[in-house]
Structures are given as structure tokens and as C-alpha cells.
Protein chains: 2
Amino acid sequence: MSEADTKRSDYVDALARGLAVIEAFGRTTPELTLSEVAQITGMSPATARRNLHTLEELGFVKRHNKRFLLAPRILTLGSAYLQAANMDEAVLPELRRIVTLFGDAASMATLEGTEILYIAHFSELRAARRTASVGVTYPAYATSMGRILLAALPPAELAAYWREFRPAKLTDVTVTDRAELTAILEEARRAGYTVSVDQLDYGITSLAVPVKNEAGRVVAAINTSGYSPRLDATKLVEERLAELQVSAGRIAHLLARYPGLAHSLLG
Amino acid sequence: MSEADTKRSDYVDALARGLAVIEAFGRTTPELTLSEVAQITGMSPATARRNLHTLEELGFVKRHNKRFLLAPRILTLGSAYLQAANMDEAVLPELRRIVTLFGDAASMATLEGTEILYIAHFSELRAARRTASVGVTYPAYATSMGRILLAALPPAELAAYWREFRPAKLTDVTVTDRAELTAILEEARRAGYTVSVDQLDYGITSLAVPVKNEAGRVVAAINTSGYSPRLDATKLVEERLAELQVSAGRIAHLLARYPGLAHSLLG
DNA sequence: GAATATATTTTCGTCTAGCGAAAAATAACA
DNA sequence: TGTTATTTTTCGCTAGACGAAAATATATTC
């Protein structure tokens, strides 16, 4: 509509709409009625209905009485990615190693817009509060991995991030001040790691380091995290940083061996 | 086109096409060129291009030189399902418990057409051969969980299965004979468990039991599996069956508590 | 380094697939 | 029972998606 919006003809609106319907189902809204989907996506009931029925026919959505919900088949879409990226062979063993050494949980994430996206995760016990499983996103500014990834952004992209920056006090110690965050990012860049305590949610303490590709560009971050009351930030660094960096190095090394993973993480 | 194919107007072809493009990327073909996608999906190059560009714009696909590949964002589609189903809270702890007790790996799967679909998985070490991660599918007839699920099928649906049954000798001991399989299914139904050795691939031995919903209908299966040379089928049953059934019972119990999971597995 | 073959992008005319508005039917509620 | 909300269907319209084919770019071969 807007004049800046160059009329592109090689774009399939109907596909974008259908995917928007899938994304209408979220953690908070697992089951939706037709009109709810219409409302969330901004589509007319007729359009929402067509899309839902198409997805149902394809097996990605099921209907339980009058409510729609995602079906297990939706998982197949992501698994092709995981297999292609050799996540299980390249990344998971390292995360597992960290968890074996230190307990708690270890993850790998990449930056997706203003959010971090978990692409691998291993935890010994059920996470205390948030269970961070693969595919989940969290605001970058409030996580250790997010801060590592933001710190590595070229100036132009970081500027773009700040433009979209909409902080929220997720806990009462969440850093939401831009100047303060900038200082944290600079320190993270300088030191090559960062620790966050109770930033995303109460009880989560996390140490993250960057994972670089062959060209030296940061393409992902890995972390080790646990329950705050049991972990002192200083001790966390003393005890775990070295091994976490070893894992980051190994994963970085494997990026060369598994181009599927490397490419998928690239810019 | 065919007269049996009632002209349905509430179906969005463009969405089905777009999803087919995503599914064109598989374990064997992680990176595809435009023309490969066109060929796999049977679309014209122009159509394939439009869909790929749409997916790229939305962040689900990336381009590396002339090749397209799935982007991490594709994982978000499945994660809404996993969260809605409370997989991490309801299922994973039980699988973890089994692995803690016996080592190796434990999984949960459901039937999706002629295939089983892994909806949860936990493994201590990297699996010997196949790494069975969430979202992956395998032929039902060649897996212990698949046989449990087939055994529980109502006659009409089992008949439908046999109609689509296209067995392959995945190993030289894979049972592909229908009569022989029928006997295995009957025994599985009678006994409430089944063991398979080197059926899907060499080295995989697996014990599976059904998971039932409140109505007593089998909605999923869980298994414990390991490396064949280290496991004797008889001993596997003796040692692990009881605890596996405990877990199945607990998960069944949790289905009532987590309707998201229950509904998503229903019919 | 031409020449040939392949793959990708663009153009364009066609037409249908998908759209929304509104009516009809159904279900929920009071 | 009446009333409201939700879902489904109908239908006319047109934008949007399609395929064929040309134009361009890229890779391969000799």
C-alpha cells in the first residue's frame, strides 16, 4: 500500500497468511476457535477458515470439537532443519558434555530479529522455571546469549536493533536502560563472555559465550544456566567459563565440517 | 480434476504448495537449488521461485549463493506445539527417568499415516546410528513403537494401513512379510509390549509399550532403546519393561492434567 | 575463451483461486 | 423462548498467482 512498499509480484500472500495462522497458536493460546484465529491474524472469518481447513487437511492442525490446535505433524517441518544442520551430531554432544560436567542446562541460540532463538538444548533436570526448548524465542536484551549476540552485531545492525528495542521489566532487576545495556554489551564484547542473573525470569542465572564461524564472525552463542540461588555469578565464571569456551571452540570447529549448520547460521 | 475429487472451494492451494516447498528440504537434501525444488515439488520454476522468496522474506528459508536452505526460524513453528502440549513438563521427565535408570535413549512417538513421528526424545549418549530427534519419522512396521501403535489400530484403520503398506528390507532381518507382521502385532497387543532388534537399522534394539488416554485408547507409544550388541532382547524385557510401563502409566495419567497434549494426540 | 548447455530471472497475458461482505445456519447463552 | 455470538455457505469480483516463453546469467565443455 505505502509507496515505499515496492509492488513485488514474486510473493505469495496466501502462503504468508497460512503461516501466520500457524503462528497464531502460541504458548499462551494452544487452542483457538475460528473467530479467535481470525481476530489474531486480522483475517476475515472466511479466510481464516479456509486456511485452517487446509492445514487440517494436510495434517498440521487438528480439530477438537470447535477448537483448532496444532497437530504433531507440525514437528516435521523443523526436523528437516535439525537434521540438515547436524545438530545432534555436531552440537548436542557438546551441550551434553557441559551438562555432565556442571549439571543444570546448556543451550545454543542464534539471533532472530530482536529475539534469540534456541536451536539446541540439553538439560539434566527440568528447568526451574522456564523450560527452554528448541524453537523457543526470548527477548535478546534479557538473556546472556542475547547479549553476546547483540554485542557482536555490526554497528548498523545494532542501531537497527535499538530502533526496535521495546524493553520490559521481566523481573525487577531486568536491565532495560539502553545506556546500561550498551555498557553490558561492550563489556561482553571485551571479555568474550557475559553472565546474567534473574534478567529473563527469577531464578535463572546464565553464562554465555560466542560461537564463531571460520571467518571469525559470531553466528551463535552457547550458555550454561542454572538456578540462581544455587549459583554465584563469580563462581559460575571461575568454574565453567573455560570449559564452555572449549565447547564453543569445538562447535566452531565443527561448523567447517558441517556446512549445513554453518550456512543456516550465516547472516 | 477427477470426478471423485469434489470441488472444494475452502482450500488454499497456495498454502499447500508453500508447505510442500518447506518439505522438499529433507535429511538427504538439506540444500536445494531453485530448479531442484521445482522438480521435487512438481512446480514450475516460476512458482517455486515465488514460494522460496516468500519463505525467505518471512525468514523461514535462507539463501547461500544459489542454494536455498531452511533457516532456524522454521523451528518456531513446532515449538508452539511442544509448549502447548507441555511436552517438557509432562513427558520429558519420564523419558529422562528411564534413561537415568537404564541408560541409552527413550522416546515417545505417535502414528502419522504409515509412519511413526517422534514427539519427544531423550538420550544419554549420542545414538549409535540413527539419531532419533523430535519431528523425525520412520516406517511404522520396522519400529517397536510403530508396531505397538499399529497393534492398537481399529480394524478399519489397520486395513487402510495394509493398503498403503510398502515394506523395505532396511536390514536383512527386517520383517516385511505381512502375515509375519500381523502375528507380531497380535502378540504385541496381547502382551502389551514388543521388542524389535535390528529392524530399522543395524544395532538398534528397542522395547516399546503403549500410552493410553482416559478412554483407554492408545494414543502414543514410548520406548527404551539401545545398541543391540550390548542388549539381549529377553534381558531387556526383564529389566526394563516394568519401569517403562510405570512411565507409560504416569504419562497416561498426565494426559488428563494436560489437555493440550491429550487433544493433540487424539484421533 | 568461445561455444554449449543449464539454471535463473523477468515478462506478460490469462484466468482462476482466493478474497470479503453478507446471508444463512448453527450453536451458545440467558 | 428469544437473543447473541459463532460458524458456515454463497457469490460476484478482481487481484493475485499461474505457466509459457523469452531474456539473462551462470556453469560446463572442448
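Here is how names work: the chains are called A, B, and so on, in the same order as the sequence lines, proteins then strands, and each is numbered from 1.
- Between the CG atom of A:L52 and the C1' atom of D:dT6 there is a distance of 14 Å, rounded to whole Å.
- Between A:W162 and A:F165, the two ring planes are perpendicular [angle over 60°; tilted spans 30° to 60°].
- Nearest to the side chain of A:R63, among D:dT8, C:dT9, C:dG18, sits D:dT8.
- Taking the side chain of B:R49 as heavy atoms from C-beta on, and the options C:dT10, D:dT9, C:dA7, the nearest nucleotide is C:dT10.
- Distance check, rounded to the nearest 0.5 Å: OH of B:Y141 to CG of B:L185 gives 13.0 Å.
- To the nearest angstrom, C1' of D:dT7 lies 15 Å from CD of A:Q39.
- DNA chain D is contacted by both A:L15 and A:L34; A:L34 maps to the nucleotide lying nearer its 5′ end (nearest heavy atom per residue).
- Every residue was checked against the ring-ring contact (aromatic ring centres under 6.0 Å, His included) condition with B:H253, not counting sequence neighbours, and none meets it.
- If you take CG of A:L32 and P of D:dT7, they are 11 Å apart, rounded to a whole angstrom.
- In summary, the side chains of B:S247 and B:R250 do not present any donor paired with an acceptor at a separation below 3.5 Å, with no hydrogens or angles considered.
- In this structure, NE2 of B:H64 is placed 16 Å from P of C:dT8, rounded to the nearest angstrom.
- Rounding to whole angstrom units, CG of residue A:D13 and P of D:dT14 are separated by 18 Å.
- If you measure from atom OH of A:Y11 to atom P of C:dG18, you get 16 Å, rounded to the nearest angstrom.
- Residues A:S79 and A:T76 have side chains that never bring a donor and an acceptor to within less than 3.5 angstrom of each other.
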Listing time: all N or O pairs from protein to nucleotides 19-29 of chain D that are below 3.5 Å?
unit_1 : atom_1 : unit_2 : atom_2 : d
D:dG19 : OP2    : B:S44  : OG     : 2.9
D:dG19 : OP2    : B:T47  : OG1    : 2.1

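- No donor-acceptor pair under 3.5 Å is formed between the side chain of B:R217 and the backbone N or O of B:E214.
- Here B:S35 reaches the OP1 or OP2 of C:dT8: one of its side-chain N or O atoms lies under 4.0 Å away.
- For A:H121 and A:S133, the side-chain atoms include no donor-acceptor pair closer than 3.5 Å.
- Atom NE2 of B:H53 is separated from atom C1' of C:dT10 by 12 Å (rounded to the nearest Å).
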